[in-house]
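Reviewing the structure listed below.
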Amino acid sequence: MSLILGPGEKVLRDEMGVTYHSGHTRYGNPMFGRLILTNKRFLFVEMEAVKVGLLRKKTEYRIKGIRINIPIDKVLSTAIETRVRKKGTLNAPPGLFSKEQYNVLIVSMEDATGIENPVFEVRNPQDWANAIQRVLAGELL
């Protein structure tokens with residue numbers, strides 16, 4: 001997927017394989033996708049895995065839709081939260097002997113519906129939070 005950037009816009013962080021858990025009123029179900037931070041925008045692009053080829057051995061990722069695309073000045077803050085789930089699941093309640101901890105990035109933002117707090121599972125939530133805070137502080141513009 002190529003991202004069309006505006007004048008003076010540059011990609012600061014880009015991660016494929018992100019899971020959106022919840023937190024936005026328009027999107028109640030978990031989604032798989034790509035999280036992108038530019039010096040001017042914050043985006044989440046929902047992707048779907050599609051098997052292609054004669055024997056369907058190759059997996060390609062296709063865009064289902066851009067679910068979040070807001071100007072960076074609409075991002076209010078970030079937080080990192082540790083949660084517990086049943087091992088090997090997306091967010092099922094933990095069992096007595098089958099549980100794991102995981103960290104999520106929560107991004108508070110203002111959009112047309114009001115204040116939203118989408119929750120993302122990324123590889124390194126602290127790096128994402130730091131990058132977003134640096135953009136909000138004007139360091140990476």
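In this text, all values refer to a predicted model and were calculated from it rather than measured experimentally.
Once rounded to the nearest 0.5 Å, the distance linking CG of D73 with CE of M109 reads 12.0 Å. One distance of note links OG1 of T113 with CZ of R26; it measures 6.0 Å at 0.5 Å rounding. Atoms CD1 and CG, on I70 and L43 in that order, are 8.5 Å from each other to the nearest 0.5 Å. With values rounded to the nearest 0.5 angstrom, K74 atom NZ is found 15.0 Å from I68 atom CD1. For the atom pair CG of L35 and CD of E121, the computed distance is 12.5 Å after rounding to the nearest 0.5 Å. Between the CZ atom in R67 and the CZ atom in F44 there is a gap of 9.0 Å [rounded to 0.5 Å].
Annotation: side chain of P118 is in contact with side chain of Y20 (closest heavy-atom distance under 4.5 Å). Side-chain contact between V75 and I132 is present, with at least one heavy-atom pair separated by less than 4.5 Å. Considering only heavy atoms from C-beta on, R85 stays 4.5 Å or farther from P94 through its side chain. Within the 4.5 Å cutoff, no side-chain heavy atoms of I63 are placed close to those of E46. Residues M16 and V18 are not in side-chain contact: their nearest non-hydrogen atoms beyond the backbone lie 4.5 Å or more apart. Within the 4.5 Å cutoff, no side-chain heavy atoms of T38 are placed close to those of L12. Inter-residue side-chain proximity for N39 and I72 is flagged as unmet; no heavy-atom pair is nearer than 4.5 Å.
F42 and W128 have perpendicular rings, their planes meeting at more than 60° on a 0 to 90° scale where under 30° would count as parallel.
In this structure, L90 is not a member of the same hydrophobic cluster as F120, with clusters built from ILVMFWY side-chain heavy atoms closer than 4.5 Å. V84 and V119 fall into different hydrophobic clusters, where Ile, Leu, Val, Met, Phe, Trp and Tyr residues are linked whenever their side-chain heavy atoms come under 4.5 Å apart, directly or through other members. No single ILVMFWY cluster, assembled from side-chain heavy atoms under 4.5 Å apart, contains both Y102 and V107.
Residues satisfying the salt bridge (charged side-chain N to carboxylate O under 4.0 Å, His left out) test with D14, not counting sequence neighbours, are R34. For the salt bridge (charged side-chain N to carboxylate O under 4.0 Å, His left out) test, no residue two or more places apart in sequence or in another chain qualifies with K87.
Residues T78 and Q133 bring a donor and an acceptor atom of their side chains to less than 3.5 Å of each other.
The pair K40-E9 does not meet the salt-bridge criterion, since no charged nitrogen lies less than 4.0 angstrom from a carboxylate oxygen. A salt bridge does not link E100 to R83: none of the charged nitrogens lies less than 4.0 Å from a carboxylate oxygen.
If you run side chain to side chain contact (heavy atoms under 4.5 Å, CB included) between I80 and each of I106, N103, V122, V104, only N103 comes through. Each of S108, S77, S22 was compared with N117 under the side chain to side chain donor-acceptor pair (under 3.5 Å) criterion, and only S108 meets it.
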Item checked: Chi angles and distances behind the side-chain hydrogen bond (donor to acceptor under 3.5 Å, both in side chains) call for T59, K51 -> CA-CA 5 Å; T59 301; K51 298 283 186 184; 3.1 Å; yes

Notebook entry, point to check: Is there a side-chain contact (heavy atoms from CB on, under 4.5 Å) between V11 and L37 once you walk through the steps?
Noted result: CA-CA 6 Å; V11 174; L37 173 67; over 6 Å; no

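Remark: the backbone N or O of E48 is not paired with any side-chain donor or acceptor of R62 at under 3.5 angstrom.
Here the shortest heavy-atom pairing between A49 and Y61 reads CB-CE2, 3.6 Å. Closest non-hydrogen pair, H24 versus D111, comes out as NE2-OD2, 2.9 Å.
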